[in-house]
Amino acid sequence: MSEEKTEEKPVSPADDLVTTQHSITVKGRELNYTATAGRVVLREEVLKDGVFEGHKPKAEVFLTAYTLDGADPLKRPVTFAFNGGPGSASLWLHMGLLGPRRVLSGDVGNLTAPPYGITDNEESLLGESDLVFIDPVSTGYSRAAEGEKPASYHGYQPDIDSIAEIIRLWTSRNGRWMSPKFICGESYGTLRAAGLAEHLQKKHGMYLNGLMLISSVLDFATLEFNEGHDLGYTLFLPTYAAIAHYHGLHGERPLKEVLAEAEEFAVRDYPYALARGNRLSDVERTATIEKLARLTGLSEDYVDAVDLRIEHIRFFTELLRRDRKTVGRLDGRFTGWDKDYGREEISADPSIDAILGPYSATLNHYLHAELGYSNDLPYEILSRAIEQWSYKEFEGRHVTTAGKLSAAMRANPHLKVHVAFGWYDGATPYFAAEHLLAHLQIPKELTANIESAYYPAGHMMYVHEPSRIQQSEDLAAFVRNSSNM
């Protein structure tokens, strides 16, 4: 008799969360908390020919959550945090600013040497709010489920959908629908956060108390240097002036004075000069060249040669060329070396080179050694798997979630927004974000719901220790004041 073969069904993925107990002292107060790290399975309701076929696993999303022991879940705020990219994991906010443990990376001129260090974060936002750090699919340990396409998540709307589902699942499973809720995003994570605020309201009826937008970009048109589109040149100018000031190219003038001059020029005479094109008189052109050169620290010959239009990567390459140095894009305080100095583009960002090693080592050590989570997958910090990010929802127009933030604020007039700026951030310049905020489609009375904070550092302003301490205080106050408790 022949043996009948039974078909083996594939094993469905399951959550692999690990829980550990810890304590920390924040602002003189001892906090006992629970850390939960691991992957949560995202499932999708499958219908075939109108017939429900169950919940199909689509992705496994890694998160790290911290909850204060013994707290009242109806009164305890919770903050969902992520970084940007797109393609970046959440380790920057996690280990640099918000979490209960932080990296010791050093700063400009005093970088920590390998193997680096880790310490308690005595300014952690855990003092005011529970924390959930989310790594989007293809970052960190997050991956598409077996048999699924990772590219299905590499786009604006599927990214919003998947992060929103993780927030909904965590909130429901932990009984936190009545908790004050916040979202904290950095860089592209701010564009994501604004989209999420509206999506969570419309899709799940989940209204937030606040958004924390760190190094904000809600409209890509404010950052673009395309032919015939001059807005970016004007909005980057104050940041160029700030970086030039940091490197000693404005003498003894106070930074605020330099920025005030750059901002006034950026909104008045500079746009006029660019708009005039070849109609600009020789006298006007000469005056514009002189002003731009003085503000940016570049030579008049260079400003003239690029037709008054200073692109940002070229600026970071040109500013200190005479000293055989390049300038950081994410943080203009950092400088580095290149392979030659006849280039028009930096071959690497010295501000990323300075912090990638410390954050990578610390995060990998921390998850395994302290939180007890093991996974043989590489923790993708800046994922190379995301080659192309889809913005098909914006076909024929520029990418922006400004309208979605405006809609969320109009529907939820209690929604508060905190925006953090770094003076030396050459990736998401402060003046571009200010421009965007000034054009939100909200009634005048809702503008009071937006607060701003400025720091003498770059994109990750918390790399600068005084800024980290001040920013921690600012975010804690924002959560405390916006929780309505």
Side-chain angles (χ1 to χ4, degrees), residues 11-24 26 30-43 55 57-71 73 76 78-83 88-103 115-121 124-127 129-146 148 153 162-163 165-176 179 184 359-381 383:
V11 177
S12 180
D15 298 354
D16 64 356
L17 301 172
V18 177
T19 299
T20 50
Q21 306 300 133
H22 307 267
S23 65
I24 188 176
V26 175
E30 184 176 3
L31 304 177
N32 296 314
Y33 65 94
T34 298
T36 303
R39 303 205 296 181
V40 173
V41 179
L42 284 187
R43 301 177 186 273
H55 295 87
K58 302 294 287 185
E60 298 173 84
V61 177
F62 185 78
L63 60 81
T64 310
Y66 303 96
T67 54
L68 188 66
D69 296 344
R76 176 73 172 167
V78 56
T79 298
F80 300 93
F82 38 73
N83 278 84
S88 175
S90 64
L91 79 164
W92 311 105
L93 287 175
H94 186 178
M95 303 302 295
L97 178 63
L98 304 178
R101 297 279 278 165
R102 65 181 180 88
V103 62
Y116 312 113
I118 184 172
T119 189
D120 280 349
N121 181 5
S124 171
L125 191 60
L126 187 61
S129 171
D130 290 343
L131 303 169
V132 182
F133 297 95
I134 303 171
D135 291 337
V137 175
S138 296
T139 75
Y141 288 128
S142 299
R143 300 292 189 272
E146 184 175 348
E148 299 297 322
Y153 290 91
S162 60
I163 300 299
E165 180 62 2
I166 284 292
I167 292 174
R168 185 195 69 82
L169 282 174
W170 192 93
T171 301
S172 295
R173 291 176 180 179
N174 290 274
R176 303 301 294 270
S179 300
C184 180
Y359 276 79
S360 175
T362 303
L363 188 281
N364 278 281
H365 162 82
Y366 175 63
L367 292 180
H368 290 263
E370 298 191 21
L371 299 191
Y373 182 81
S374 295
N375 198 313
D376 287 340
L377 289 170
Y379 187 90
E380 293 286 352
I381 296 172
S383 178

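Starting from 1, each residue takes its place in the sequence as its number. Side chains included, hydrogens not; waters and symmetry mates left out as well; all remaining heavy atoms used.
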Side chain Asn32, main chain Ser23, donor-acceptor under 3.5 Å:
no
Between Thr79 and Ser129, does any side-chain donor sit less than 3.5 Å from a side-chain acceptor?
yes
Would you compute the distance between atom NZ of Lys58 and atom CG of Leu42 and round it to the nearest 0.5 angstrom?
10.5 Å
Test side-chain contact (heavy atoms from CB on, under 4.5 Å) applied to Asp16 and Tyr373, step by step:
CA-CA 9 Å; Asp16 64 356; Tyr373 182 81; 2.8 Å; yes
Rounded at 0.5 Å granularity, tell me how far CG in Asn83 sits from OG1 in Thr139.
9.0 Å
What one should report as the nearest heavy-atom pair of Thr34 and Thr19 is CG2-CG2, 3.2 Å
Full working for salt bridge (Lys or Arg N to Asp or Glu O under 4.0 Å) between Asp120 and Arg101
CA-CA 5 Å; Asp120 280 349; Arg101 297 279 278 165; 3.1 Å; yes
Donor-acceptor check, side chain of Asp135 to backbone of Ala89, threshold 3.5 angstrom: yes or no?
no
Atom pair CG (Leu363) and NE2 (His368), whose distance is rounded to the nearest 0.5 Å
9.0 Å
Which heavy atom of Ala144 sits nearest a heavy atom of Val137, and at what distance?
N-CG1, 3.7 Å
What closest approach, in Å, do Ala145 and Pro57 show between heavy atoms, and which atom pair accounts for it?
CB-O, 3.7 Å
Parallel, tilted or perpendicular: which fits the ring planes of Tyr33 and His22, with parallel below 30° and perpendicular above 60°?
parallel
What closest approach, in Å, do Ser124 and Pro100 show between heavy atoms, and which atom pair accounts for it?
OG-N, 3.6 Å
For Asn121 and Leu97, indicate whether the former's side chain and the latter's backbone hold a donor-acceptor pair under 3.5 Å.
yes
Check: Tyr66 ring centroid to His94 ring centroid under 6.0 Å
yes
Heavy-atom closest contact (Val26 atom, Gly127 atom, distance):
CG1-CA, 4.1 Å
Heavy-atom side-chain proximity of Tyr379 to Leu367 below 4.5 angstrom
yes
Option from Ser162, Pro136, Ser142 for which side-chain contact (heavy atoms from CB on, under 4.5 Å) with Val61 holds:
Ser142
First locate atom OG of Ser90, then atom CZ of Phe80, and finally report the distance between them rounded to the nearest 0.5 Å.
13.0 Å
Examine distances only and state if a side-chain atom of Thr64 and a backbone atom of Phe133 form a donor-acceptor pair shorter than 3.5 Å.
no
Asp130, Thr67, Thr171 screened by side chain to side chain donor-acceptor pair (under 3.5 Å) with Arg176, the one that passes
Asp130
Mind checking the CZ-CG spacing from Phe82 to Leu63? Nearest 0.5 Å is all I need.
13.0 Å
Tightest non-hydrogen contact, residues Gly99 and Leu131, listed as CA-CD1, 4.1 Å
Trp170 and Ile134, any side-chain heavy atoms less than 4.5 Å apart:
no
Any donor and acceptor pair, going by atom type alone, linking the side chain of Thr362 with main-chain N or O of Ile118 inside 3.5 Å?
no
To the nearest 0.5 Å, what is the distance between CG on Leu377 and CZ on Arg143?
4.5 Å
